[in-house]
Amino acid sequence: MLARGLRSSFLFVVWCAPSGFSQPPVTRLNPAIKEIVDAVSEERIGATMKRLGEFGTRYILSEQDSPIHGIGGAQHWIADQFRSYSPRLEVKLDPFTAKKGQRVAHDVDLANVVAVLPGKLDPTRFVVISSHYDSIAARVGPGTPRTDDEGPRNPQEVEPVAPGVSDNASGVAAVLELARIMSQYEFDKSVIFIAFSAEEVGLLGSQSYAAKAKQEKMEIEAVLNNDIIGNDVAGNGFSANSRVRLFSEGPEDSPSRSLARYTKEIAERYIPSMTVDLVFRRDRFGRGGDHTSFNGQGFAAVRLTTPSENYANQHTATDTFANASVPYAARVARINAAVLASLALAPKPPVVSRPRTGVRPSGGIGAAGSPNGAANTPGSDSPPAGRTAQGQAPRQMGPGLSRGKSGYDAALRWDSPKPEPDLAGYAIVIRATTSPLWEREIYVGNVKEYTIPDLSIDDVVIGVKAIDKDGNQSLVSAYDLPPVPPARQIGATPAAGGPGGQ
């Protein structure tokens, strides 16, 4: 739902040939989302990056009571920017304490800066864009900078100047710019804009926030974390200013991988001059980011970052505005704008499996192999779903994937509790198990079950997504195998009479 009458009037169309599903979907740009993307101001992003660098340092143990220097001044400046955009933004400081430890010299009270744009249709379902606003410059000895993620081990290793423009004033600039633009619109879901503190000393701010979100049972559908999106020339001269890396945690069809595929599809549709490079890995080797705090709590979260990192500048006094690329940061901000707006307008993902006891909730990413008529659990010798032993009553049907009555089809069932009033229907997507992206699509209408004849569910990955009447599409919920029970792990001894390896 968008203000100013900007909801588009087209329907996302997918061809469904009677003989199969090889024809590609016909897609168009949502003019409202395109307007949001086009509103991203390179000038404003540059001004924010420069201003944050002018605080001198945003190290967690720097000044808290100065309006012009240190982390305290930066924190209040960011909050004031959020408040200036719209009275509809609910702005607050989210306090936590960084305890004394290897990377923190003494206890210190800090705060994340949070702005919430309430949704009109589903206000308790959230999509998040985040970054961190603290900075750091450390040395391992006189004149020798530390450029890893270990941080200073004692006060003597802390450099007094840490402008942190690329890492990570650039990410904060994207968050602020999207808050400015999107706060002029209304969306179905609530949108959260966050600038985290204490990322540079162990992700402490995001860990605090994500843990509280899990405890409070917040329905966070997606987190787009932006970290180091402000430079486009690496230390070795390599430049890829039309590409951005997107890191996502596994396994293959985890919620984060679903978000990564969605991000690539939507971003490249609205900003065709940019390429989103999917990296199926939690983060870079030896490095970390705030998205992993959400991964650890079971939420879908990904990291956007430049492929042209300059390690000589990171975590040093030379991470300055002069060494940053404002045009590149603006391009990545536009990617975020397209994806965040699409998610905020889209229906919620379908439910494709019933929750399994003792397994971490997967945020709607389903599993074949549930006891509801779905495909057989690994190690089971029972008949294919849809068949029962003689005299046995059929099992209760629900969300799941089976081989259908014939035993050779792909029979899908899904659910959508409290569907949106503008829901148009659903599309089934299919890909090879080794393919990173969805390859085929069938629009099936507003139904909750569908059978694809003569398709082996064992040889492909199948998912379902919801589509509203304006063409906004949800994240894909993929049917997947359940985790292997501990007793069946490789090398474990089967119970007496139990099945062995297959």
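What you are looking at is a predicted structure, and each value in this text was computed from that prediction instead of being measured.
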Decide yes or no on side-chain contact (heavy atoms from CB on, under 4.5 Å) for L93 and H76, but give the supporting numbers first. CA-CA 9 Å; L93 298 181; H76 292 294; 4.2 Å; yes
Should V108 and L61 be marked as a side-chain contact (heavy atoms from CB on, under 4.5 Å) after you check the CA-CA gap, both sets of side-chain angles, and the distance that decides it? CA-CA 7 Å; V108 58; L61 299 181; 3.8 Å; yes
If you apply the rule side-chain hydrogen bond (donor to acceptor under 3.5 Å, both in side chains), what do you find for S130 with N225, and how did you get there? CA-CA 5 Å; S130 67; N225 185 52; 2.8 Å; yes
List the steps, then state whether salt bridge (Lys or Arg N to Asp or Glu O under 4.0 Å) holds for K212 with D94. CA-CA 11 Å; K212 285 185 288 188; D94 173 52; 2.5 Å; yes
Report the C-alpha distance between E268 and K264 in whole Å, list the side-chain angles of each, state the deciding distance to 0.1 Å, and finish with yes or no for salt bridge (Lys or Arg N to Asp or Glu O under 4.0 Å). CA-CA 6 Å; E268 293 179 2; K264 180 176 176 66; 2.6 Å; yes
Walk me through whether V332 and N226 qualify under side-chain contact (heavy atoms from CB on, under 4.5 Å). CA-CA 9 Å; V332 179; N226 290 263; 3.9 Å; yes
One pair to check against salt bridge (Lys or Arg N to Asp or Glu O under 4.0 Å): R245 and E309. What are the steps and the verdict? CA-CA 11 Å; R245 290 183 295 178; E309 293 189 70; 2.6 Å; yes
In sequence, state the C-alpha distance, the side-chain angles, and the governing distance for L340 and I129, and then conclude on side-chain contact (heavy atoms from CB on, under 4.5 Å). CA-CA 7 Å; L340 194 66; I129 179 172; 3.6 Å; yes
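We find the OG-CG distance between S86 and L117 to be 7.0 Å, quoted to the nearest 0.5 Å. A distance of 12.0 Å separates OG of S197 from CG of L203, quoted to the nearest 0.5 Å. Separation of atoms CD (Q81) and CZ (F193) is listed at 14.5 Å; rounding is to 0.5 Å. In this structure, the separation between CG on N336 and CD1 on I229 is 6.5 Å, given to the nearest 0.5 Å. Interatomic distance, N241 CG to M274 CE, rounded to the nearest 0.5 Å: 8.0 Å. With rounding to the nearest 0.5 angstrom, the CG atom of N310 is 10.5 Å from the CG atom of D232.
Residue A317 comes nearest to P163 through the heavy atom pair O-CG, 3.6 Å, listed as atom of the first residue, atom of the second, then distance. Taking every heavy atom of both residues into account, P417 and D415 meet most closely at CD-C, 3.9 Å. Smallest separation of non-hydrogen atoms from W414 and P350: CD1-CB, 4.1 Å. For the pair A337 and I36, the tightest heavy-atom approach, listed with the atom from each and the gap, is CB-CG2, 4.2 Å. Minimum heavy-atom separation, H291 to A301: O-CB, 3.5 Å. In plain terms, the two heavy atoms of Y270 and S342 that are nearest each other are CE1-OG, 4.4 Å.
Here the side chain of D134 pairs a donor or acceptor atom with the backbone of E199 at under 3.5 angstrom. At distances below 3.5 Å, at least one donor-acceptor pair connects side-chain atoms of R58 with backbone N or O atoms of Y133. Side chain of Y185 to main chain of A32: no donor-acceptor pair is present (N/O by atom type, distance under 3.5 Å, no hydrogens or angles). Not a single donor-acceptor pair under 3.5 Å links the side chain of E90 to the backbone N or O of P118. Formation of a donor-acceptor pair under 3.5 Å by the T275 side chain with backbone atoms of R243 is not found in this model. Between the side chain of D319 and the backbone N or O of Q314, no donor-acceptor pair lies under 3.5 Å. Between the side chain of S66 and the backbone N or O of E63 there is no donor-acceptor pair closer than 3.5 Å. In terms of modelled atom types and a separation under 3.5 Å, the side chain of D188 and the main chain of A344 share no donor-acceptor contact. At least one donor-acceptor pair closer than 3.5 Å links the side chain of R303 to the backbone N or O of G288. Judged purely by atom type and a 3.5 angstrom limit, S183 has no side-chain atom pairing as donor or acceptor with the backbone of L89.
Within the 4.5 Å cutoff, side-chain heavy atoms of V201 are placed close to those of I60. The closest side-chain heavy-atom distance from Y59 to I71 is not below 4.5 Å. Within the 4.5 Å cutoff, the side chain of I192 has heavy atoms near those of the V114 side chain. Within the 4.5 Å cutoff, the side chain of N323 has no heavy atoms near those of the N231 side chain. Two residues are said to be in side-chain contact when any heavy atoms from C-beta on lie closer than 4.5 Å; F96 and L204 meet this criterion. By the 4.5 Å heavy-atom criterion applied to side chains, F82 and V113 are counted as neighbours. Taking 4.5 Å as the limit, every side-chain heavy atom of V191 sits out of range of all side-chain heavy atoms of F126. Residues Y479 and V464 form a side-chain contact, since some pair of their non-hydrogen atoms from C-beta on lies under 4.5 Å apart.
Using a 4.0 Å cut-off between charged side-chain N and carboxylate O, E200 and R103 make no salt bridge. Between R269 and E265 there is a salt bridge, since at least one side-chain N of the basic residue sits less than 4.0 Å from a carboxylate O of the acidic one. Salt-bridge annotation for K189 and E420: absent, with no side-chain N of the basic residue lying under 4.0 Å from a carboxylate O of the acidic one.
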Atom pairs and distances, side-chain donor-acceptor, residues 46-56, under 3.5 Å, sequence neighbours left out:
from: T48; atom 1: OG1; to: R44; atom 2: O; distance (Å): 3.2

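Both tests hold for R257 against F280: distance to the six-membered ring centre under 6.0 Å, angle to the ring axis within 45°.
Below 30°, between 30° and 60°, or above 60°: for Y209 and F294 the angle between ring planes is between 30° and 60°, a tilted geometry.
Side-chain polar atoms of N295 and S256 form a donor-acceptor pair below 3.5 angstrom. Counting only N and O atoms by type, the side chains of D167 and H132 include a donor and acceptor under 3.5 Å apart. A side-chain N or O of N30 and one of N472 form a donor-acceptor pair less than 3.5 Å apart.
Of the candidates T263, V279, L224, L246 forms a side-chain contact (heavy atoms from CB on, under 4.5 Å) with just one, namely T263.
Residues satisfying the salt bridge (Lys or Arg N to Asp or Glu O under 4.0 Å) test with R431, not counting sequence neighbours, are D253. For the salt bridge (Lys or Arg N to Asp or Glu O under 4.0 Å) test, no residue two or more places apart in sequence or in another chain qualifies with R281.
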